[in-house]
Structures are given as structure tokens and as C-alpha cells.
Amino acid sequence: MAETFYITTAISYPNGKPHIGHAYEAIAADAIARFQRAQGRDVRLVTGTDEHGLKMAQTARNAGRDTLDFATEMSNHFREMCARLNISIDAFRRTTEEAHKDTARAVWTAMRESGDLYLDRYEGWYSIRDEAFYDESELIEGEGGVKLSPQGTAVEWQVEESWFFRLSKYRDFLIELNETPGFLEPESRRNEVLGFLKGNELRDLSVSRTSFDWGVDVPDSPGHVMYVWVDALCTYLTGIGFSEDRAHFDRYWPADLHLIGKDIVRFHAVYWPAFLQSAGLPLPKKIFGHGFLLHRGEKMSKSLGNVIDPLELADQFGVDALRYFLLREVSFGNDGSYSSEAIVTRCNAELANSFGNLAQRSLSMIFKNMGGVIRADLPVAEADAALAKAVADGIADLREGFARYDFSGGLDGWMRAVFACNQYVDEQAPWTLRKTDPARMEAVLMTLLRVVRDLAIALRPVVPSSIDRLLDQMGVAADARDYAALDDAGWLAALADSGFTLSQPVGVFPRLEMPATAEGE
RNA sequence: GGGCCCGUAGCUCAGUGGUUAGAGCUGGCCGCUCAUAACGGCUAGGUCGCGGGUUCAAAUCCUGCCGGGCCUACCA
């Protein structure tokens, strides 16, 4: 049986439509999932929405809506985004599902049985907006001496009974865990978490609320609902059938990767492992906190009016162009910047001009000069072997890069291979060979067919639907497009024997129009 | 207040002690014409944020400062 690979995105709080950050994370997760499938792994990709909490209940009430109805509508925006962006999710789970509540309760009960939960009183300044308590010292002063949270939201003094989790008990465990190479990446995030863990006595965590009821009921504790993070993080367990299909769960847990934004690293690298350890469950193998996308170098915010709907970008430039751009342009783990011009420039230069045109010119020459006939029996010249080597090296670079979540680096290696192909076309000049040495021309064109096919297969996790349209035209079988196919030296002979011939090719990476006026200034 | 990360060509970035600091894009020149006015070659362009220091040698190590981002704290 194939080795498994379980990856999750963050579980989004759907208090608005998904923004480009959600799209970015989903696309990265999907590229990883498709890459691992291409490597032969048995992959599960899970995402979902975290729909509990006072904010959701209040927003629904203010809109005069039933809370669950409202949450469903908002959640569907996220589900639709995944569909639109071609995110190959195996499950989309909502925290409002009964199966998920069963998961969260089971984890709670296990933590309680470990003696890590106790009932106490929580008093403090509470911000409804942030759903968080703040220490007196954290508050800032607003106009007229009003106390505000560090985020500038209103706070009120609240006293409530609360369950607490003995986080303090896990400090040494968490330090050791986060010091483990590879557990938390990138390095800068790991430094931060270790600084937090080593620099402070960990306070026990308040993990239940009594001030509202829109949440998962705490077992045997009427009036309490679970704290957001106990609830939401358990979605990673729900997603592979924790409370529905234990064999399936056991096959995929622990997760190979929780892909998250840098803003929620602490919940994943500190609270989550402590919860799991307490509940007697294995820990995820890796947490990766990616950076944020900036619009023209500026943070997105509603007040700046530069919030861009990712689906509009997908409509304007195409899903695959958006996917390619985000993975290629941004150094994964760092913040990145995007703009319409950057998308158009990058995609035109690399997808349309360099690779798309390479494919198009190669297939077109085979169609016109060989009648589209495939031949695998032609002699291989030194230049052909050298090109094959260059392409194999570029693909190896891509695979090594992607295995480390270095997408931009991996794609850089892939591009070098594309450049080598275009140089080869120029040097061999098959349009000249057509008159001087037609047999050699055929060998050159078949060499190009081979390398285009390999480059396409390598890139497929990034731009799957475009590549499939290309490989369809090339007669490459739908079940021979993973990385194992790269090692199949006999594919061209098999294709030739099948009698397949190329038709007039149709380009799959069109040049993009530069917007007349820059978007979202 | 403490800590972490970043600041390298117009743009996006690589380069963490050692020859004249690199790549792609953009600009200029030349070539080619199979191809999506695409491709190839050549070329231009940098006080490596700023100032000190260590070293035979620093973009690379140390220190101070400036700018940006982030984490954190019973600063008043």
C-alpha cells in the first residue's frame, strides 16, 4: 500500500468572503497535495470552516438570520472558492457538523481523563469582537479614557466560570518539540515560538465559555461551550474520520503537514500539540507558517479599499495563471506582493512565451512536417542527449524544491530546463533541417516531444487543468501523468505503436492582456 | 522594554568569510522566422540600507543607527 500523506489548510473563520490569503493557502496546499500524489503517495487534503463563537452568532442575529443558515451561507463561499480554484480536497468539514462535535467532545473527555482540565473562575477584560480576554496591562486608552483592547476594540469586565487546560505542565515538552528540526518551519517562526516558550511561564489556558451557547457543548458541564481553538483544531481529526471511520483515521493520522498562516503559528505549535499529547494522540509531523500576501507591498485592509476578491483575479487571468503566479513569485514562508501587472508579466514571460510557445512550436512542426506521426526509432545525437540531461536536471530541481516547500526555487529550476529547450530549438533549427536533412529534423522534433511531455508532467501539480489539455493533445494517457511516468523510457514507442497522431495544436497558455488601468490602486 | 525576520541591479529574488556580487523580468543592440509579435545571442544596470569594528580578506561575522514586518512583556 502506498505511503500516506495527510495535509490540512487552516480551518477558516467565515465572517466574510474568502480573500486572496485564503486562496493562496488553498493553492499552496493543493499544489503540495497534487505533488505528493504525483510522487505516488496516498494523499488526503482537508480544509473547512470554523463556524462557532459569539461573533458568528451576533453577526447572524444582526442580519436577522438563523445562525446555522447564516454560517452555511458563509461556509459555502469557501467551498465554492475551493471548487473554482481547482483545489483537490478530499473533505471540506464544518465545525457545526455533528460528527465534528463528537470529535471535539471525545478529545475533551480524553484531556479531562488525563487530569489536564479543571474548573475555575475567569475574571478579566473581555473583548467580544476579539473573543479574547486581556490583561489590564495590555489595554490601551481610547478617546475619553475608554479602555480598549490592543486591537482597539471595546472591552468589558467579565467574571465567568471556566474550564482551564494545564498548559503550564507541557512547557518542557513543547520546548523540546519545537526544537526538533523540521517540526516548525520556517526558521523565523520557530525562533518566535521558542522565544515565547522559554521566555515565559506558561499560563493555563481558559478553554470554555459560559457567556454564549453557539459552540460545542462541554461534556457533563451544562452551560459551557468549548473555547474556539479546542473546537477548531479538532477539525483536523474530523477531516479523516476520527468519529466516523476509525480505520481510515488511523491510516492517515498523524498529519504530515498543517499548512497555516504565520498569524496562527502559536495555536498550532503550542496549544495543539499540548492538547493532542494530553488526549493521547500522536502529534503532527510538521507545521508550516506561510507569509502574507501584500497588494503592491501594502497590507490589505478594508479601510484601504485594496481587498481583492481572488475569484475576480481567477476570472480575469485564469485559475492556472493565478496558481502559477502565486507559487512562482512568492518565496514560500516569506511575505509576498502581488498586482495585476506582476501576474501578467510573470505568466506571459514564463507560461506563455517560454513554455507555452515551446510546446506550441514543437507540436506544430510535428503536425506540419511529419503529418503528426510519432516516431520512437530515430537515432539520438549528442545534442539530444545533452538536452534530455538538462531537462532531467531541471525536473529534479523542481521535485527537490517542492519536497522542501520551496516552490519558487523549484520552479526556477524548471524554467532553466525550459530555456535549454528553446536554445536547443534555435541551435538545431529544424526549419532548416527540413530542407537539408529531413531525417535529422524528425529526430529533433521527437526529442522536443519527449522533453515537452516531461516538463508538462513535472509542472502538472501547479497548473493541472492547462497541463491536462496539453497532454490530451499529445496523446499522453490520463493515467500516465504522475512522476513514475517520467521513468518510463518506453512511452514514446508505445504511443507510436498505438497509431496516435498529433492534430493541429491549440495553445494552452495564452498571453494575458495587461489591464488598461491598474487594478485596485 | 525584550526578541525574531527583512532591507542586494528599475522589478522579483539568489548568494551567509575568499577570484572582477549572480539569475529572471524590464531597457538597448544583433540574429532567426518553426512558433502564442513568440525564440536565441550580446549588452546596459548595483556606495550589497547607513556608520563604525574584527579579519590577510565581509553583502556574508560583531556593534550602533535608519526603514519595514512580526512575536512578546505586571513600561509609565
Side-chain angles (χ1 to χ4, degrees), chain A residues 124 134-141 150 184 186-203 261-267 269-270 289 291-294 296-299 325-339 341-370 397 401 406-409 411-416 418-435 441 444-445 448 452 466 470 504-514:
Chain A
Y134 293 101
D135 194 88
E136 179 87 37
S137 62
E138 295 177 85
L139 301 181
I140 57 175
E141 202 150 303
L184 173 59
E187 193 74 22
S188 56
R189 302 271 93 83
R190 178 189 179 207
N191 292 341
E192 265 171 29
V193 165
L194 285 172
F196 169 75
L197 288 170
K198 290 178 174 175
N200 305 285
E201 282 300 314
L202 290 185
R203 275 183 289 187
K262 64 182 185 181
D263 54 331
I264 53 175
V265 162
R266 202 158 95 211
F267 302 103
V270 178
F292 289 158
L293 284 179
L294 308 174
R296 296 178 195 284
E298 285 187 327
K299 213 167 173 172
F325 172 80
L326 291 176
L327 294 173
R328 175 71 170 108
E329 184 91 355
V330 181
S331 174
F332 203 60
N334 295 335
D335 289 353
S337 188
Y338 73 97
S339 65
E341 298 91 282
I343 294 171
V344 170
T345 301
R346 175 70 76 175
C347 290
N348 280 352
E350 300 188 354
L351 281 183
N353 296 351
S354 292
F355 180 69
N357 183 51
L358 168 71
Q360 183 69 8
R361 68 203 299 209
S362 301
L363 301 190
S364 182
M365 284 189 277
I366 294 168
F367 172 71
K368 287 181 181 165
N369 301 318
M370 299 176 69
D397 286 349
D406 176 9
F407 308 117
S408 53
L411 289 169
D412 192 58
W414 180 84
M415 275 306 299
R416 281 197 299 278
V418 173
F419 291 143
C421 291
N422 279 320
Q423 285 161 6
Y424 172 88
V425 176
D426 249 51
E427 284 161 11
Q428 300 302 316
W431 48 91
T432 303
L433 291 171
R434 180 163 60 98
K435 301 165 199 157
M441 176 203 73
V444 167
L445 295 184
L448 286 169
V452 166
S466 302
L470 175 60
Q504 171 76 54
V506 177
V508 298
F509 293 111
R511 284 177 62 83
L512 304 175
E513 287 281 329
M514 187 67 81

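Quick note: numbers below take in every heavy atom, side chains included, and nothing from hydrogens, waters or symmetry partners. Per chain, numbering begins at 1; letters A, B, ... match sequence-line order.
Here the separation of B/rA58 from B/rG53, taken at their P atoms, is 12 Å to the nearest Å. B/rC25 and B/rU43 have their C1' atoms separated by 16 Å, with the value rounded to a whole Å. Across the P atoms, B/rG22 and B/rC34 are found 37 Å apart, a figure rounded to whole Å. Look at the P atom in both B/rU26 and B/rG41: the space between them is 14 Å, to the nearest Å. Here the separation of B/rC66 from B/rA76, taken at their C1' atoms, is 26 Å to the nearest Å. Comparing the C1' positions of B/rG51 and B/rG67 gives a spacing of 15 Å, expressed to the nearest Å. Here the separation of B/rG40 from B/rU33, taken at their P atoms, is 16 Å to the nearest Å. Using P as the reference atom, B/rG10 and B/rU16 are 23 Å apart when rounded to the nearest Å.
For the pair A/Lys368 and B/rA35, the criterion of a side-chain N or O lying under 4.0 Å from OP1 or OP2 is met. The phosphate of B/rA38 has OP1 or OP2 within less than 4.0 Å of a side-chain N or O from A/Arg511. The shortest distance between the side-chain N/O atoms of A/Gln423 and the OP1/OP2 oxygens of B/rG41 is below 4.0 Å.
Comparing B/rC25, B/rC4, B/rC34 by their closest approach to the side chain of A/Ser188 singles out B/rC4. Of the candidates B/rG69, B/rC39, B/rC32, B/rG69 carries the atom nearest the A/Lys262 side chain, counting heavy atoms from C-beta on. The side chain of A/Glu192 has B/rC71 as its nearest neighbour among B/rC71, B/rC34, B/rC74. In the set B/rG40, B/rU36, B/rC74, the nucleotide with an atom closest to the side chain of A/Arg203 is B/rC74.
Atom pair A/Asn353:CG and B/rC34:P shows a separation of 18 Å (rounding to whole Å applied). Atom CD in A/Gln360 sits roughly 7 Å away from atom C1' in B/rA35 (whole-Å rounding). Rounding to whole angstrom units, CZ of residue A/Arg434 and C1' of B/rC32 are separated by 14 Å. In this structure, A/Asn348 atom CG and B/rC39 atom P are separated by 10 Å, rounded to whole Å. Between the P atom of B/rG69 and the CZ atom of A/Phe292 lies a distance of 13 Å, rounded to the nearest Å. Here the P atom of nucleotide B/rG24 and the CG atom of A/Asp397 are 15 Å apart, to the nearest Å. B/rC70 atom P lies 16 Å from atom CD1 of A/Ile264, rounded to whole Å. Nucleotide B/rG69 holds its P atom 23 Å from the CD atom of A/Glu187, rounded to whole Å.
Residue A/Phe419 is in sugar-phosphate contact alone, with no base atom involved, counting any heavy-atom pair closer than 4.0 Å across all strands shown. Looking at heavy-atom distances under 4.0 Å, A/Gly195 makes no contact with the nucleic acid at all.
One finds the CG atom of A/Leu326 at 6.5 Å from the CD1 atom of A/Ile343 (value rounded to the nearest 0.5 Å). A/Phe419 contributes atom CZ, which lies 9.5 Å from atom CH2 of A/Trp414 (distance to the nearest 0.5 angstrom). Taking CG of A/Leu358 as the start and CG of A/Asn353 as the end, the distance is 11.5 Å to the nearest 0.5 Å. Rounding to the nearest 0.5 angstrom, the gap separating the CE atom in A/Met441 from the CZ atom in A/Arg434 is 8.0 Å. Separation of atoms CD1 (A/Ile366) and CG (A/Leu445) is listed at 5.5 Å; rounding is to 0.5 Å. Here A/Met365 contributes atom CE and A/Trp431 contributes atom CH2; the two are 6.0 Å apart, rounded to the nearest 0.5 Å.
Remark: B/rC70 base-pairs with B/rG3; criterion is Watson-Crick or G-U wobble with both hydrogen-bond distances under 3.5 Å. Across all strands shown, B/rC48 has no partner, as no Watson-Crick or G-U wobble contact with both distances under 3.5 Å is found. Across all strands shown, B/rC11 is found opposite B/rG24 as a Watson-Crick or G-U wobble partner, with both distances under 3.5 Å. The pairing partner recorded for B/rA38 is none, the criterion being a Watson-Crick or G-U wobble arrangement whose two distances lie under 3.5 angstrom. A 3.5 Å limit on both hydrogen-bonding distances identifies no Watson-Crick or G-U partner for B/rC75.
Side chain A/Asn357 to base B/rA38: no donor-acceptor pair is found below 3.5 Å.
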- Mind running side chain to side chain contact (heavy atoms under 4.5 Å, CB included) on A/Arg361 and A/Val425 for me, showing each step along the way? CA-CA 9 Å; A/Arg361 68 203 299 209; A/Val425 176; 3.6 Å; yes

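For A/Asp412, the salt bridge (Lys or Arg N to Asp or Glu O under 4.0 Å) partners are A/Arg328, A/Arg416, not counting sequence neighbours.
With A/Arg511 as the fixed residue, the side-chain contact (heavy atoms from CB on, under 4.5 Å) test singles out one of A/Val344, A/Leu351, A/Asn357, A/Asn348: A/Asn348.
The minimum heavy-atom distance linking A/Asp335 with A/Phe292 is given by the pair OD1-N, 2.8 Å.
Each of A/Glu427 and A/Phe509 has a nearest nucleotide on RNA chain B; the 5'-most of these lies closest to A/Phe509. Ranked by how close their nearest RNA chain B nucleotide is to the 5' end, A/Arg189 and A/Val425 are led by A/Val425.
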So which protein nitrogen or oxygen atoms get under 3.5 Å of nucleotides 9-13 of chain B's nitrogens or oxygens?
unit_1, atom_1, unit_2, atom_2, d
B/rU12, O2', A/Glu329, O, 3.4

